[in-house]
Amino acid sequence: MSLNTAHANNGVLIYSGECILLYCDNVVMEFSGQDKPEFKGDKAGRLYLTTHRMIFNNSNAKDPLLSFSFPFCTMKNVELEQPMFGANYIKGKVRAQPNGGWIGEVKFKLHFKHGGAIEYGQAMLQAAGLTKRNHQYTDEPPAYQPPTGPWHDAAPPTYSPPSGYYGWVPPPSDAFPNAPPANSVYMTDMPPPYPGINTGGYTPSAHDAKAAEAAASGTAYYDPNTHYAYVPPAYSNEAPPSYEESKEKKYK
């Protein structure tokens, strides 16, 4: 993971060959276990799920933490929390990349002010699982390598990949309907220094095809021979409490 390396010109900066799978605004992130000032206080901003990592961009340009990059190979103990009282959220740990602007590891929590924590978390875990399936991770994260050369506007296919992209099955279309704002996605010509779902070694399986078909129809898929299953997320007619409402309940 690297600090303040994934933003440019009030937008997000990605590598050549990296694609944005999901975009979500109005996300609040909090950290614990680090003393650096960049990790102090809640951070509100935008969250991107890409083929290689998760990226958070702060909406507060005066905060010392402007962007935070979570390569899949640096994350661990990621869990989707569904408390009895309060809004759903995602939590986990991320390890620092050598030369990434900090050292050690830090715990994080992600709160989605307009809902979608479970859907986003499932989509992120699926992308991370596909990456791990196709690549062997080492205990030491790869060193951060700063982008070389100039960056430029990314073409629309970079942030609108087709459904079933390299085996990744998107959540229901109404969960994250918005694309990143125009003129806010930038790309460097340097390739990603760590693996992703679209970097070599991927061979579509019958399971991937069945999961994509099940996701499109909103049904579940289960193979009794291999115990491979895809279960679409459960939905309730009652909206979950907002982040603000959960905060109020917490302190009552």
Side-chain angles (χ1 to χ4, degrees), residues 1-27 29 31 36-39 43-75 94-103 106 108 110 120 123-124 127-128 130-131 134-135 141-162 165-166 168 170 176-200 202:
M1 166 271 156
S2 56
L3 180 66
N4 290 334
T5 60
H7 63 279
N9 200 25
N10 297 317
V12 64
L13 179 63
I14 61 177
Y15 291 102
S16 177
E18 183 178 15
C19 293
I20 295 174
L21 302 173
L22 288 181
Y23 161 80
C24 185
D25 203 352
N26 298 302
V27 174
M29 174 170 282
F31 297 97
K36 287 178 67 68
E38 288 89 343
F39 295 108
K43 321 287 183 179
R46 298 169 174 172
L47 192 64
Y48 305 81
L49 176 65
T50 83
T51 47
H52 293 71
R53 55 180 167 164
M54 186 166 63
I55 300 173
F56 175 79
N57 273 17
N58 201 335
S59 59
N60 180 5
K62 296 182 179 180
D63 193 289
L65 185 148
L66 297 177
S67 66
F68 197 87
S69 173
F70 305 72
F72 297 144
C73 59
T74 66
M75 290 192 291
V94 61
R95 292 174 295 168
Q97 291 178 257
N99 305 321
W102 66 293
I103 58 175
V106 67
F108 67 88
L110 287 169
Y120 186 97
M124 184 263 289
L130 284 168
T131 301
N134 300 327
H135 303 274
Y144 168 71
Q145 300 176 31
T148 57
W151 43 264
H152 51 83
D153 288 326
T158 302
Y159 45 90
S160 55
Y165 187 72
Y166 284 86
W168 180 80
F176 300 97
N178 299 321
N183 303 316
S184 70
V185 180
Y186 303 98
M187 177 178 287
T188 174
D189 291 331
M190 178 180 170
Y194 32 74
I197 68 173
N198 60 349
T199 51
Y202 171 71

Asks: Less than 4.5 Å apart, side chain to side chain, heavy atoms only: is that true for L3 and K36?
Replies: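 The answer is yes; the side chains approach within 4.5 Å.
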Asks: Quick check: do I14 and T158 have side-chain heavy atoms less than 4.5 Å from each other?
Replies: yes
Asks: More than 12 foreign heavy atoms under 6.0 Å from CG of N60: is that the case here?
Replies: yes
Asks: Would you find a donor on one side and an acceptor on the other, under 3.5 Å apart, between the side chain of S59 and the backbone of A44?
Replies: yes
Asks: I need the minimum non-hydrogen distance between P191 and Y15, along with the two atoms involved.
Replies: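 Minimum heavy-atom separation between P191 and Y15: O-CD2, 3.6 Å.
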Asks: Measure across Y166 and L130 and return the closest heavy-atom pair with its distance rounded to 0.1 Å.
Replies: O-CD1, 3.9 Å
Asks: For a quick test of reading the model, state the closest non-hydrogen atom pair linking G17 to M187 and the distance between them.
Replies: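 Looking at all heavy atoms of both residues, the shortest contact is N-CE, 4.4 Å.
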Asks: State, with a plain yes or no, whether a side-chain heavy atom of N9 is found less than 4.5 Å away from one of Y186.
Replies: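 Counting from C-beta outward, N9 and Y186 do come under 4.5 Å.
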Asks: Report yes if some heavy atom in the side chain of L13 is under 4.5 Å from a heavy atom in the side chain of H7; otherwise report no.
Replies: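 They are not in side-chain contact.
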Asks: Which heavy-atom pair separates Y23 from P181 by the least distance, and what is that distance?
Replies: OH-CD, 3.6 Å
Asks: Is the closest side-chain heavy-atom distance between W168 and C19 below 4.5 Å?
Replies: no
Asks: When rounded to the nearest 0.5 angstrom, what is the spacing between CZ in R46 and SG in C24?
Replies: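 These two atoms lie 11.0 Å from each other.
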Asks: Can you name the one residue among N58, D63, N57 that meets side chain to side chain donor-acceptor pair (under 3.5 Å) with K43?
Replies: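 Exactly one pass, corresponding to D63.
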Asks: Quick one: does any side-chain atom of N4 pair with a main-chain N or O of P64 as donor and acceptor, under 3.5 Å?
Replies: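 Between the backbone of P64 and the side chain of N4 there is a qualifying donor-acceptor contact (under 3.5 Å).
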Asks: Just so I know, are the side chains of N198 and H52 near enough to count as touching, which here means a heavy-atom distance under 4.5 Å?
Replies: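 A side-chain contact under 4.5 Å exists here.
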Asks: Work out which heavy atom in I197 is nearest to a heavy atom in A127; give both atom names and the distance.
Replies: CG2-O, 3.2 Å
Asks: What class does the angle between the rings of F108 and F70 fall in, given that below 30° is parallel, 30 to 60° is tilted and above 60° is perpendicular?
Replies: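 F108 vs F70 ring planes: perpendicular.
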Asks: Any sub-3.5 Å donor-acceptor pair from R95's side-chain atoms to C73's backbone N or O?
Replies: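 Here the side-chain-to-backbone pair exists.
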Asks: Output the distance between atom CG (L110) and atom CZ (F56), rounded to the nearest 0.5 Å.
Replies: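 It comes to 8.0 Å.
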Asks: Between V106 and F39, is there a side-chain heavy-atom distance shorter than 4.5 Å?
Replies: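 Side chain of F39 against side chain of V106, heavy atoms only: contact under 4.5 Å found.
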Asks: Looking only at heavy atoms, what is the nearest atom pair of F72 and M54, with distance?
Replies: CE2-N, 4.3 Å
Asks: Does some side-chain heavy atom of F68 sit less than 4.5 Å from a side-chain heavy atom of V94?
Replies: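 Of all side-chain heavy-atom pairs linking F68 with V94, at least one is under 4.5 Å.
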Asks: Given the rule in the side-chain contact (heavy atoms from CB on, under 4.5 Å) test, do R53 and Y194 qualify, once you have shown the distances and angles that lead to the verdict?
Replies: CA-CA 9 Å; R53 55 180 167 164; Y194 32 74; 3.2 Å; yes
Asks: From T5 OG1 over to I55 CD1, what is the distance, rounded to the nearest 0.5 angstrom?
Replies: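 Taking OG1 in T5 and CD1 in I55, the distance rounds to 8.0 Å.
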